[in-house]
Student: 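Dropping the structure in here first, questions after.
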Amino acid sequence: MKIGIIGAGHIGGNAARLFVKAGHQVAISNSRGPQTLADLVEELGDNAEAVNIEDAIDFGDVIFVSIPLGRIEELPTEGFDGKIVVDSNNYYPERDGQIAALDDGKTTSSELLARHLRGARLVKGFNTIWFEHLRTQGDTGLPLEKRRAIFIAGDDSEAKAVVANLIEDIGFAAVDTGFLHEGGLSQQPGTPIYNQELTAAEAAKVLTAGA
Ligand SMILES: NC(=O)c1ccc[n+]([C@@H]2O[C@H](COP(=O)([O-])OP(=O)(O)OC[C@H]3O[C@@H](n4cnc5c(N)ncnc54)[C@H](OP(=O)(O)O)[C@@H]3O)[C@@H](O)[C@H]2O)c1
């Protein structure tokens with residue numbers, strides 16, 4: 001699959017490594033331009049290229065967005081129509097500044113991003129896993145129930161299935177927390193599943209206990 005990545009830091013960079021290892025093609029971008037990603041794409045090899053943000057959007061069947069939430073307004077609004085977008089972004093006011101719509105609980109960070117990226121089929125995912133665990137804990141040799149869980153949420157079940165397959169390709173198990181709003185709330189910093197080292201089987205129990 002062709003994956004466009006926006007954000008090449010702890011999560012975006014490691015996701016790129018894992019997707020390439022699993023046989024996918026990635027085009028990766030950041031805010032400073034492709035010339036700053038030369039070392040990373042050299043490490044990644046033939047199935048990776050450094051591009052600008054618009055080209056990452058054009059390239060991907062799936063677009064993986066992993067930037068500080070406070071900067072999502074800088075992203076283009078066009079080019080996303082019908083595209084599956086994975087949203088790993090979390091809200092940290094000390095980093096992102098206060099965002100009133102989130103502080104009063106009216107909406108969630110993923111809904112904000114979905115509104116900005118016109119027409120995107122947005123799936124929240126990869127939000128609750130620390131980047132070092134993302135880098136090291138995938139294991140395609142394990143049965144799904146014994147793999148580390150990566151949580152997803154979204155309103156488009158077909159898009160969620162595509163993202164779940166990508167998560168399985170890199171050695172994790174996708175665990176669905178539901179619709180974008182409700183599932184999104186359950187994946188935010190400070191929730192019972194946030195940064196917890198849960199297998200898929202354990203994750204199902206934690207989610208049931210919290211329901
Ligand atoms: N770190 C974790 O363990 C973890 C776990 C789960 C979720 N998250 C969430 O995932 C997101 C990324 O976290 P991270 O730790 O990977 O951050 P990071 O290491 O600071 O990397 C951020 C990346 O975003 C890029 N970026 C910033 N503004 C951009 C813009 N307007 N357009 C395009 N690219 C832009 C940066 O590019 P430049 O360097 O060129 O500016 C950089 O490549 C955050 O929302 C974070 O809360 C993090």
Side-chain angles (χ1 to χ4, degrees), residues 3-19 26-41 43-44 48-60 63-80 85-99 102 108-114 116-117 120 122-138 148-153 163 166-167 170 172 174-175 177 183-198 203:
I3 304 171
I5 301 183
I6 304 176
H10 292 106
I11 292 290
N14 282 307
R17 289 183 176 94
L18 295 171
F19 290 141
V26 306
I28 189 160
S29 64
N30 63 4
S31 76
R32 286 166 298 142
Q35 73 285 356
T36 63
L37 295 169
D39 289 349
L40 178 63
V41 290
E43 174 200 328
L44 291 173
E49 57 181 319
V51 296
N52 64 35
I53 295 166
E54 285 75 13
D55 288 338
I57 298 165
D58 280 351
F59 176 87
I63 318 294
F64 190 96
V65 181
S66 195
I67 70 173
L69 186 74
R71 298 189 63 180
I72 60 172
E73 296 288 327
E74 295 170 24
L75 296 176
T77 56
E78 302 298 332
F80 293 96
V85 170
V86 180
D87 164 32
S88 91
N89 312 311
N90 291 319
Y91 176 40
Y92 281 103
E94 62 275 21
R95 180 195 63 196
D96 301 316
Q98 297 298 147
I99 301 175
L102 299 179
T108 60
S109 60
S110 292
E111 289 167 290
L112 281 186
L113 183 66
H116 185 79
L117 308 181
L122 197 123
V123 178
K124 189 179 185 83
F126 295 74
N127 306 75
T128 69
I129 185 164
W130 184 42
F131 74 93
E132 273 295 331
H133 290 167
L134 177 64
R135 192 174 68 81
T136 58
Q137 291 188 343
R148 169 81 192 254
I150 288 187
F151 295 93
I152 56 173
V163 176
L166 282 178
I167 288 170
I170 61 170
F172 294 87
V175 175
T177 61
L185 286 173
S186 77
Q187 294 182 43
Q188 294 187 143
T191 58
I193 59 172
Y194 193 77
N195 198 16
Q196 300 302 308
E197 292 183 63
L198 301 168

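Every number for a ligand or one of its atoms is a count from 1 in the order of the listing. The residues of the chain are indexed from 1 along the displayed sequence.
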Student: Could you check whether any side-chain N or O of Asn89 sits under 3.5 Å from a backbone N or O of Ile67, counting only pairs where one atom can act as donor and the other as acceptor?
Tutor: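 Yes.
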Student: May I ask you to check if ligand 1 and Ile6 share an N or O to N or O distance below 3.5 Å?
Tutor: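 In this structure, Ile6 places no N or O atom under 3.5 Å from an N or O of ligand 1.
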Student: Of Glu132, Gln187, Arg95, Glu74, which has the heavy atom at the shortest distance from atom 46 (C) of ligand 1?
Tutor: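 Looking at heavy atoms only, Arg95 sits closest to atom 46 (C) of ligand 1.
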Student: What's the separation between atom CG in Leu113 and atom CG in Leu69, rounded to the nearest 0.5 Å?
Tutor: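 Reported value, rounded in 0.5 Å steps: 8.0 Å.
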Student: Tell me whether His116 contacts the main-chain N or O of Leu75 through its side chain, where contact means a donor paired with an acceptor under 3.5 Å.
Tutor: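 Confirmed, His116 side chain pairs with Leu75 backbone.
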Student: Would one find an N or O of Tyr92, backbone or side chain, under 3.5 Å from an N or O of ligand 1?
Tutor: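 N/O-N/O distance below 3.5 Å does not exist for this pair.
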Student: Only heavy atoms of Ser66, strictly under 4.0 Å: list the atoms of ligand 1 that pass.
Tutor: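 Selected atoms, number and element: 10 (O), 11 (C), 12 (C), 23 (C), 24 (O).
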Student: Among protein heavy atoms, which lies nearest atom 36 (C) of ligand 1, and at what distance?
Tutor: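 Protein heavy atom with the smallest distance to atom 36 (C) of ligand 1: Asn30 CB, 4.3 Å.
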Student: Taking Asn127 for the side chain and Ser88 for the main chain, is one N or O donor matched with an acceptor at less than 3.5 Å?
Tutor: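 Flag set: sc Asn127 to bb Ser88 pair under 3.5 Å.
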Student: What atoms in ligand 1 come closer than 4.0 Å to a heavy atom of Trp130?
Tutor: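 Every atom of ligand 1 under 4.0 Å from some heavy atom of Trp130: 3 (O).
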Student: Which is it for Ile53 and ligand 1 at heavy atoms under 4.0 Å: side chain, backbone, both or neither?
Tutor: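 Contact part for Ile53 vs ligand 1: side chain (C-beta onward).
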Student: Please write down residue, atom name and distance for the protein heavy atom closest to atom 45 (O) of ligand 1.
Tutor: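 Of every protein heavy atom, Ile67 O, 2.8 Å lies nearest to atom 45 (O) of ligand 1.
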Student: Would you say Ile11 has any N or O atom under 3.5 Å from an N or O of ligand 1, going by distance alone?
Tutor: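 Among all N and O atoms of Ile11, at least one is under 3.5 Å from an N or O of ligand 1.
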Student: Return the minimal non-hydrogen interatomic distance between Gln188 and Thr191, and the atom names on each side.
Tutor: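 That would be O-OG1, 2.8 Å.
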Student: Going by atom types alone, do Ser109 and Asn90 pair a side-chain donor with an acceptor below 3.5 Å?
Tutor: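 There is no such pair between these side chains.
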Student: Just to confirm my output: which protein heavy-atom neighbour is closest to atom 1 (N) of ligand 1, and how far is it?
Tutor: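 I find the closest protein heavy atom is Phe131 CD2, 3.7 Å.
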Student: Checking a contact table here: which protein heavy atom is nearest atom 40 (O) of ligand 1, and how many Å away?
Tutor: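 Here the closest protein heavy atom is Arg32 NE, 2.7 Å.
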Student: Out of all atoms in ligand 1, which are within 4.0 Å of some heavy atom of Gly7? Include the element for each.
Tutor: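 The atoms of ligand 1 under 4.0 Å from a heavy atom of Gly7 are 23 (C), 24 (O), 25 (C), 43 (O).
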Student: Record the part of Ile129 in heavy-atom contact with ligand 1 below 4.0 Å; permitted values are side chain, backbone, both and neither.
Tutor: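 Answer for Ile129: backbone.
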Student: What protein heavy atom sits nearest atom 22 (C) of ligand 1, and how far off is it?
Tutor: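 For atom 22 (C) of ligand 1, the nearest protein heavy atom comes out as Pro68 CD, 3.9 Å.
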Student: For atom 38 (P) of ligand 1, tell me which residue out of Gly13, Ser31, Ala8 has the closest non-hydrogen atom.
Tutor: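 The nearest heavy atom belongs to Ser31.
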Student: Starting from atom 9 (C) of ligand 1, what is the nearest protein heavy atom, named by residue and atom, and what distance separates them?
Tutor: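 Residue, atom and distance for the closest contact: Ser88 O, 3.3 Å.
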Student: Under 4.0 Å from a heavy atom of Asn127: give me the atoms of ligand 1 that qualify, with their elements.
Tutor: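 Answer, ordered by atom number: 6 (C), 7 (C).
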Student: Take the angle between the ring planes of Phe126 and Phe19 and call it parallel below 30°, perpendicular above 60°, tilted in between.
Tutor: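 Rings of Phe126 and Phe19: perpendicular, as their planes differ by over 60°.
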Student: Side chain or backbone, does Asn90 bring an N or O within less than 3.5 Å of an N or O on ligand 1?
Tutor: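 Yes.
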Student: Closer than 4.0 Å to some heavy atom of Leu75 - which atoms of ligand 1 meet that?
Tutor: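 Here the atoms of ligand 1 in question are 32 (N).
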Student: Is the shortest distance from a heavy atom of Phe126 to ligand 1 less than 4.0 Å?
Tutor: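 It does; at least one heavy atom falls under 4.0 Å.
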Student: Provide, to 0.1 Å, the distance between atom 21 (O) of ligand 1 and the closest protein heavy atom, together with that atom's residue and name.
Tutor: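 Here the closest protein heavy atom is Gly9 CA, 3.3 Å.
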